[in-house]
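What follows is a set of notes on a single structure, which appears directly below.
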Amino acid sequence: METLDLLKRLGVPPNYGGSAIGSDWTVNNEGGNSRPKFSVHSPIDGALLAEIEVANKEDLEVVVAESVSAFRQWRTVPAPIRGEFVRRLGEKLRHNKEDLAKVITLEAGKIMQESLGEVQEMIDICEFAVGLSRQLYGLTIASERPNHRLMEQWHPLGPVGVISAFNFPVAVWAWNSALALVCGDSVIWKPSEKTPLCAIVCHALAMEVAAEMAEVPKGVLSYIVGDGPEIGKVLAAHPMVPLVSATGSVPMGRSVAATVASRLGRSLLELGGNNALIVSPHANLDNALRAIVFSAVGTCGQRCTTLRRLIVHDSVADRLLELLCKVYTTLPIGNPSNEATLIGPLIDEQSVQNYEAALEKAKAQGGKVHGGGRLTEKVPKGGYYVKPAIVEISSNAEILQQETFAPIMYFVRYSDLKEAIEIQNNVPQGLSSAIFSDNIQEAEFFLSAAGSDCGIANVNLGTSGAEIGGAFGGEKETGGGRESGSDAWKAYMRRATNTINYGTELPLAQGIKFDF
């Protein structure tokens, strides 16, 4: 009943369709139609939240055709007016922040503080994009030919496919959509089948805003829900979708990248992290402790920026391990709707099994486990709760090469900074990294070309908690994509180089003579 009340307050009626296909839903098995459905359960207690209609390939064709039509109108709307749509969307999100956060908590299992923070990210990126709508700058370039002007323009690209993951069920869509919209693109959203209600709510709110502006064409924002990866694969293969932005696992990203590349489209990938934090002998251990704990156990270890590997200098390792183990025993785990809870559930049973399997592998590879294990007491029945674990292990253990989406942190010792950076970089992934050190030489070396090889490198803060002002993304198997701030907007546009001859003669470039 709580879910139904929330959705009603957010303006989502039963069997909501919006401008997309595959989005009908019923709560507690009420209603229904002949289309196949899949069930959505809360990770908090396993309760049924909704039954979602499954879209098929034919449905996707309808959505893409509508998105293409919307793009052809939207690209001609002045960018500041496109920005006004995004501004109003940000205000709508601000007005509904708490209710939307509650939906995130119910469906994704995040504690309320993190859910509120995710909605704030959406609001922040809308504000960023509004300013951007008046700053889609090109360049004027010095021409080698007299009486010529060389310049660049940036034009809207086309429909953008967004494939998002369960752990940030709304923020990633907003990162992409806010920028794509001001750039003049339409957006087709394929949310995770684990968190489709979040997408339904966001789309409903966006459609309320769109209804207030005659300039916004039908279909400029759409979404489509499938039960599994099939619809995402079809979206990635579609020739009318020039850019596909995908967030998720490395295997998923490989599949999307190969599919999109086969048709010479563009892909923007945000994949695995396997992030590391180095604690030097010159670190402020109090601050390091706070950063490590949040980075390692926030969102129950289900962030792409979650701290997986803690690399600690021999001189402070024993003391820091003692402090961490003590803090870990006091962390409140349970219903994420409760204000005192700091760690909610994993997303589903498979995640719990992956967590347990990783700890067994770590033990088999010589790891010593502190904490860990499934939690069934003093938590809601039917949920997927585990205790965060710290695993002391050798730097050459094979399991350090893998990322498990759960609160497992591997504790590794080092004696030399170059050795620590080598340990950090010696994994296939390269998203987020950090060092705690008050030694400026260590900090600057970590940030240098010979230091961290990650897309994000922090000093004296953790691996999680990126701000929207900077471009977000990583290298190697993380995919190389960049979203959110800085000049990430360029991924959503096409560049045109223009040369204008305002003289009376026709000189050729490179001094070529071609007289006839």
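For this chain, numbers begin at 1 and follow the sequence in order.
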Ion pair E349/R374, N-O distance below 4.0 Å: yes
Salt bridge (Lys or Arg N to Asp or Glu O under 4.0 Å) evaluation trace for K418 with E442: CA-CA 10 Å; K418 289 185 179 179; E442 288 187 331; over 6 Å; no
Short N-O contact, E127 and R94, less than 4.0 angstrom: yes
Parallel, tilted or perpendicular: rings of W74 and F85 (30°, 60°): perpendicular
Exercise: do N274 and Q402 side chains pair donor with acceptor under 3.5 Å: no
Under 3.5 Å side-chain donor-acceptor pair for T478 and Q429: no
G138 versus W154, closest heavy-atom pair with distance: CA-CD1, 4.0 Å
Donor-acceptor side-chain pairing of S394 and N396 below 3.5 angstrom: yes
Inter- and intrachain pairs under salt bridge (Lys or Arg N to Asp or Glu O under 4.0 Å), touching residues 285-296, at least two apart: none
Identified side chain to side chain donor-acceptor pair (under 3.5 Å) partner of S186 from the options S177, S222, S67: S67
Crowding at CD1, I512 (>12 non-hydrogen neighbours, <6.0 Å): yes
Interatomic distance, I347 atom CD1 to F405 atom CZ [nearest 0.5 angstrom]: 10.5 Å
Side-chain donor/acceptor of N275 to backbone N/O of C304, under 3.5 Å: yes
Quiz item: cation-pi between K387 and Y355, 6.0 Å / 45°: no
Residues forming a side-chain hydrogen bond (donor to acceptor under 3.5 Å, both in side chains) with N458, sequence neighbours excluded: none
Salt bridge R87-E91, side-chain N to carboxylate O under 4.0 Å: no
Worked check of side chain to side chain contact (heavy atoms under 4.5 Å, CB included) between V244 and R266: CA-CA 6 Å; V244 177; R266 301 187 198 176; over 6 Å; no
Partner residues of D348 under the salt bridge (charged side-chain N to carboxylate O under 4.0 Å, His left out) criterion, sequence neighbours left out: K194
Derivation and outcome, side-chain hydrogen bond (donor to acceptor under 3.5 Å, both in side chains), residues N498 and E152: CA-CA 6 Å; N498 312 135; E152 290 180 349; over 6 Å; no
Working for side chain to side chain contact (heavy atoms under 4.5 Å, CB included), residues L431 and F472: CA-CA 9 Å; L431 177 53; F472 181 91; 4.2 Å; yes
Where at least one partner belongs to residues 161-170, residue pairs that pass salt bridge (Lys or Arg N to Asp or Glu O under 4.0 Å), sequence neighbours excluded: none
Partners passing side-chain hydrogen bond (donor to acceptor under 3.5 Å, both in side chains) against R413 (at least two apart in sequence or in another chain): D318, E392
Greater than 12 external heavy atoms within 6.0 Å of Q135's CD: yes
Salt-bridge criterion met for K102 and E107 (N-O under 4.0 Å): no
Neighbour count >12 (heavy atoms, 6.0 Å) for atom CZ, R263: yes
Distance-only polar pair, side chains of T404 and N354, donor-acceptor under 3.5 Å: no
Heavy-atom pair of closest approach, residues L277 and L461: CD1-O, 4.2 Å
Sequence neighbours excluded - salt bridge (Lys or Arg N to Asp or Glu O under 4.0 Å) pairs with any residue from residues 397-407: R308-E403
Between S432 and T305: side-chain donor-acceptor atoms closer than 3.5 Å: no
Modelled atom types, side-chain donor and acceptor of T247 and S164, under 3.5 Å: no
Residues, nucleotides or ligands: over 12 heavy atoms within 6.0 Å of K361 NZ: no
Contact check, side chains of F168 and W173, non-hydrogen atoms, under 4.5 Å: no
Short N-O contact, R319 and E322, less than 4.0 angstrom: yes
Aromatic contact, H313 with Y414 (centres under 6.0 Å): yes
Flag if over 12 foreign heavy atoms under 6.0 Å of CE, M240: no
Step-by-step side chain to side chain contact (heavy atoms under 4.5 Å, CB included) determination, N176 to L179: CA-CA 6 Å; N176 284 275; L179 298 191; over 6 Å; no
Validation row: L93, C126 side chains within 4.5 angstrom (heavy atoms): yes
Distance-only side-chain donor-acceptor flag, S415 / E419, under 3.5 Å: yes
Side-chain heavy-atom pair L221, W189 within 4.5 angstrom cut-off: no
